[in-house]
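Note: hydrogens, waters and symmetry copies are ignored here, and every other heavy atom, side chains too, is used.
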Amino acid sequence: MLAREQAGALPVVEAEDHVVGVVSESDLLAKDAFEASGHRPGPIGRLRERRLHGKARGETAADLMTSPVITVLPGATVAEAAWLAALSRLKLMPVTDREGRLVGVVRRDALLQALIRDDAGIRAEVEATVGTTCPPADRDAVQVAVHDGIVELTGRMPTATARRLLAEIERIADVIEVKNLLGPGT
């Protein structure tokens, strides 16, 4: 069964790949606990317990799943997706296109890893961006420093090149701010 494979959660899709729900470890835990204990809500059982009991008797993904499902679009930033996962207390979020079709999943632990990337990792990506954005003559003229996600660029380069470079660096995940201390080059 799914629980034995420690899947965490899996999205449930209909025929056209639209996400309609998620079957999570919690959903499976309720089913297994119900079957193992035989526990039934009393006549004055809380509404939540009754819903859980109803789910636990389910035999299909549609019976067990949590719905409606919270999803994220592929263009969302890591911070946006992490905030949504934290607010919703989700361990896994389906990634859908604008029509609600499944294109992937993102796990809470992957979001956390992306958010805590260290300055050395950010610096390496910024330096690679310098290498791909700047002409060879300008690459050695820029120095990169990163502290707490803030990128500081010093040196000299032509204004047009600097603008392109700044735009590319601002798109890098985990860059909080870019301090442009570049002087005009030749």
Side-chain angles (χ1 to χ4, degrees), residues 5-13 17-26 66-186:
E5 295 179 21
Q6 297 179 345
L10 292 173
V12 179
V13 296
D17 287 335
H18 292 99
V19 179
V20 294
V22 172
V23 175
S24 69
E25 287 176 337
S26 270
T66 299
S67 183
V69 64
I70 295 171
T71 64
V72 66
L73 294 171
T77 67
V78 171
E80 291 166 339
W83 186 245
L84 185 57
L87 287 174
S88 307
R89 308 187 95 198
L90 298 172
K91 293 181 182 178
L92 175 139
M93 253 190 319
V95 179
T96 62
D97 64 14
R98 295 213 180 270
E99 285 76 42
R101 289 185 302 258
L102 183 68
V103 296
V105 294
V106 63
R107 297 184 60 85
R108 181 170 57 189
D109 59 343
L111 293 169
L112 183 59
Q113 272 308 115
L115 287 173
I116 61 171
R117 181 165 62 151
D118 65 358
D119 289 341
I122 296 170
R123 181 178 177 178
E125 189 170 348
V126 169
E127 288 174 342
T129 301
V130 169
T132 59
T133 304
C134 300
D138 295 332
R139 291 178 192 155
D140 294 333
V142 64
Q143 291 79 46
V144 176
V146 180
H147 182 68
D148 294 331
I150 298 171
V151 176
E152 187 174 289
L153 301 174
T154 55
R156 298 195 167 284
M157 75 173 37
T159 305
T161 304
R163 268 192 237 127
R164 277 194 315 274
L165 178 61
L166 291 169
E168 290 298 318
I169 292 172
E170 287 171 349
R171 283 182 228 169
I172 296 174
D174 304 329
V175 170
I176 295 169
E177 180 185 344
V178 180
K179 291 185 178 178
N180 177 10
L181 304 176
L182 293 169
T186 56

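The main-chain N or O of Thr129 is found under 3.5 Å from a side-chain atom of Thr132 such that the two form a donor-acceptor pair.
Between atom CD1 of residue Ile122 and atom CD1 of residue Ile172 there is a gap of 8.5 Å, rounded to the nearest 0.5 Å. Atoms OG1 and CD1, from Thr96 and Ile70 in turn, are 12.0 Å apart once rounded to the nearest 0.5 Å. Distance check: Leu166 CG to Arg171 CZ gives 11.0 Å after rounding to the nearest 0.5 Å. In this structure, OG1 in Thr161 is found 14.5 Å from CZ in Arg156, a value given to the nearest 0.5 Å.
Using a 4.5 Å heavy-atom threshold, the side chains of Val144 and Leu153 count as touching. Using a 4.5 Å cut-off on side-chain heavy atoms (C-beta onward), Val72 and Glu80 make no contact. Counting only heavy atoms from C-beta outward, the side chains of Val103 and Pro74 approach each other to under 4.5 Å.
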| request: Carefully, step by step, assess Arg123 and Glu127 under the rule salt bridge (Lys or Arg N to Asp or Glu O under 4.0 Å). | output: CA-CA 6 Å; Arg123 181 178 177 178; Glu127 288 174 342; 2.7 Å; yes

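Nearest heavy-atom pair across Cys134 and Leu165 is SG-CD2, 4.0 Å. Closest of all the heavy-atom pairs between Val20 and Val69 is C-CG1, 4.3 Å.
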Please output the side-chain donor-acceptor pairs of residues 83-95 that fall under 3.5 Å, not counting sequence neighbours, one pair per line with the distance.
| residue | atom | partner | partner atom | Å |
| --- | --- | --- | --- | --- |
| Ser88 | OG | Leu84 | O | 2.9 |

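Only one option out of Thr159, Val142, Thr154 pairs with Leu182 in a side-chain contact (heavy atoms from CB on, under 4.5 Å); it is Val142. The side-chain contact (heavy atoms from CB on, under 4.5 Å) with Ile169 is formed by just one residue from the set Asn180, Thr133, Val151; it is Val151.
Annotation: His147, atom NE2; neighbour count of heavy atoms from other residues, nucleotides and ligands within 6.0 Å does not exceed 12.
With respect to the salt-bridge test (charged N to carboxylate O, under 4.0 angstrom), the residues Arg101 and Asp97 qualify.
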